[in-house]
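So the structure is just underneath, and the comments pick up after that.
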Amino acid sequence: MTIFRGPPTPYIPDDLTIPQFILDSHHPTRPVRPHGIPWLIDDVTGTKVGFDELRARSNGLANALKIQYGIGENDVVCVFSSNHIDYPVLVWAAHRLGATVSTANPSYTTDELVYQLQISGSSIIFAHPGSLEIAAEAATKAGIPQDRVIVLDSVPGSPHKTVPEMVSFGLRQPVSFVERRLEAGEAKTKLAFLCFSSGTTGKPKAVAISHFAVIANVVQLAVHHKIDDPTIPPEQARFAVGDVCTAVLPFFHIYGLIVNLHFALFCAMSIVVIPKFNFTDFLGSIVRYRITDLMIVPPMLVLISKHPAVKNYDLSHVKATWSGAAPLSIELTLQVSKVLRNAIVGQGYGMTETATAVTLMPVPQRLGNGSVGTLMPGCAAKVIKQDGTLGGVGDLGELVITGPNMALRYHNNEQATKETFVDGWVHTGDEVYFDAKGEMFVVDRLKELIKVRGFQVPPAELEGHLLGHPYVADVAVIPLPDDYSGEIPMAYVVPSADIAARVKDPKEAEKVKAEIIKYVADNKVKYKWLAGGVEFIDVIPKNPSGKLLRRILRDKARADRAV
Ligand code: ATP
Ligand code: MG
């Protein structure tokens with residue numbers, strides 16, 4: 001019976017909340033942050049925030065939340081905001097009071113937010129000015145009084161309280177709350193977050209995550225990356241003190257929240273907080289703040305490798321890019337490494353249900369090889385083959401994973417909990433295999449494999465291959481129903497700048513399509529060929545956490561064919 005295991009579990013405190021861990025205590029793996037290295041930098045204003053200010057602001061806000069709203073252990077606080085330097089302040093203020101935080105996607109419509117407010121049982125909302133109108137509407141629909149909608153920055157004419165007002169009120173008042181010390185082991189069951197999965201395969205699910213799971217993942221990441229190992233030469237050292245990293249990934253999603261925010265702060269890095277992704281502005285920020293570490297997702301790596309503007313920026317100081325949340329092919333890895341010549345091009349794998357990462361590229365490797373890396377300390381994995389038996393090295397099957405960073409359950413969803421969280425193991429729904437060195441390769445989501453005459457075709461493999469073609473700026477592969485084969489693969493392609501004009505001519509477009517189809521036929525076994533053809537499209541639909549929304553394209557293909 002093969003169980004794949006990462007290194008031993010490191011020391012993870014089980015009696016601390018997240019703010020106590022990040023702001024009030026010291027962990028043996030944690031580097032010392034010299035005075036003067038800011039914690040956060042606002043990309044838009046250049047404002048720098050340090051430890052004293054973050055700690056004081058979160059304590060002040062906690063005090064105000066207690067005095068003005070009586071927030072305590074049983075409350076759920078919803079944060080409905082794009083990235084903002086006060087984001088951690090809101091989170092830690094709620095945690096200081098024992099409350100749970102539910103992070104929501106700021107581009108939600110009113111009804112989508114209402115769904116999250118109701119599922120999570122939120123009783124108060126923090127909203128970014130740009131999301132205030134929707135927050136207010138959703139509050140009414142969900143039965144939350146308007147005075148419980150608080151805006152992050154002041155909005156002229158708005159009746160809503162603001163965070164800066166509450167912070168200064170809270171700091172002026174005597175401290176009204178006693179922060180409860182957790183019992184030994186209590187952090188394992190104490191809820192920190194209700195984070196929602198990305199909704200790639202259906203409706204987002206509310207994932208209940210403990211303080212311990214988050215702290216565990218931060219420690220696991222630090223130990224895996226050997227951030228405190230003095231024998232690693234500086235050019236191979238990852239996440240060094242004083243490095244500057246991006247925070248363009250949304251903090252409402254687990255990757256942004258845990259790895260990009262909490263882990264980077266633990267490592268004594270400075271984080272440039274970017275509220276909205278615009279590629280050329282992003283390149284400008286990398287140069288302006290001399291950003292060394294890019295925590296990003298594959299669609300951004302596609303832009304780095306293909307966008308014509310990149311050559312106008314000197315990115316030679318970038319030390320590392322870290323990709324997760326969606327497949328990063330070996331083809332794309334190599335292309336990015338040509339553009340970012342001095343950078344590690346790394347990848348990890350995780351999900352909301354595992355409070356982010358369970359595998360990461362091993363140290364001291366510099367370049368990914370298409371794998372998502374090795375298991376992190378304390379994680380163990382099984383590969384369940386199609387026949388239900390356990391697979392060994394090289395066998396394909398569903399990844400089932402455990403470790404100290406597992407979420408507790410889906411909130412208010414017993415059926416889904418029973419299917420996914422089984423005896424402490426999380427059933428991921430992803431097809432993977434391990435090689436002899438313990439590196440894991442993700443094939444694709446089981447639900448999204450295309451079944452051609454009984455053979456399984458992973459769309460991610462074809463997408464990775466197609467991105468290697470100069471005509472292809474972006475691509476998604478989906479199944480079309482087919483009488484003979486059951487399903488056949490087709491590709492939606494965004495034409496690259498070189499051929500965008502050419503494909504406007506229908507005859508030329510047909511020639512280009514034929515070349516793309518041939519590129520697959522020349523390199524892949526016959527059942528993987530694009531028998532469903534190629535269609536051009538302006539953009540591939542993606543969600544903010546970086547995933548292709550193939551289900552939208554499947555519906556489009558079906559609708560186009562029905563006409
Ligand atoms: P939902 O569960 O609501 O359909 P989701 O699964 O996309 O959405 P997340 O929890 O954000 O929500 O994403 C986890 C999934 O992302 C994993 O199950 C896996 O399919 C995919 N994933 C994460 N990292 C990688 C990676 N490095 N390579 C390939 N896929 C990845
Ligand atoms: Mg999922």
Worksheet item: Are a donor atom and an acceptor atom from the side chains of Asp111 and Thr109 found within less than 3.5 Å of each other?
Response: no
Worksheet entry | Contacts of Ala460 that satisfy side-chain contact (heavy atoms from CB on, under 4.5 Å) - sequence neighbours left out | Pro327, Asp444, Glu463, Arg550
Worksheet item: Are Glu186 and Arg181 close enough for a salt bridge, meaning some N to O gap below 4.0 Å?
Response: no
Discussion item. Please determine whether side-chain contact (heavy atoms from CB on, under 4.5 Å) holds for the pair Leu54 and Ile85, giving the CA-CA distance in whole Å, both sets of side-chain angles, and the decisive distance to 0.1 Å.
Written reply: CA-CA 9 Å; Leu54 275 176; Ile85 46 174; over 6 Å; no
Worksheet item: Does a donor on one side chain and an acceptor on the other come within less than 3.5 Å for Glu353 and Ser197?
Response: no
Practice prompt. Inspect the contact between Lys556 and Glu535 and indicate whether a charged nitrogen and a carboxylate oxygen are less than 4.0 angstrom apart.
Written response: no
Discussion item. Tell me if the centroids of the rings in Tyr410 and Phe421 come within less than 6.0 Å of each other.
Written reply: yes
Worksheet item: Does the side chain of Ser102 come under 3.5 Å of the side chain of Ser122 through a donor N or O and an acceptor N or O?
Response: no
Fill in: Aromatic ring pairing Tyr115/Phe196, orientation class (parallel under 30°, perpendicular over 60°, tilted between)
perpendicular
Worksheet item: Do the two ring centres, one from Phe266 and one from Phe239, sit under 6.0 Å apart?
Response: no
Fill in: Gln116 versus Glu112, side-chain donor and acceptor atoms under 3.5 Å
no
Worksheet item: Got a sec, which residues hit side-chain contact (heavy atoms from CB on, under 4.5 Å) with Asn105, two or more places apart in sequence or on another chain?
Response: Ser107, Tyr108, Phe252, Pro544
Worksheet item: By side-chain contact (heavy atoms from CB on, under 4.5 Å), which residues pair with Pro299, not counting sequence neighbours?
Response: Val297, Lys542
Worksheet item: Got a salt bridge between Arg96 and Glu179, using NZ or NE/NH1/NH2 to carboxylate O under 4.0 Å?
Response: yes
Discussion item. Taking the ring of His95 and the ring of Phe193, is the distance between their centroids below 6.0 Å?
Written reply: yes
Item to complete: May I ask you to decide if the ring planes of Trp92 and His262 are parallel, tilted or perpendicular, using 30° and 60° as cut-offs?
Response: perpendicular
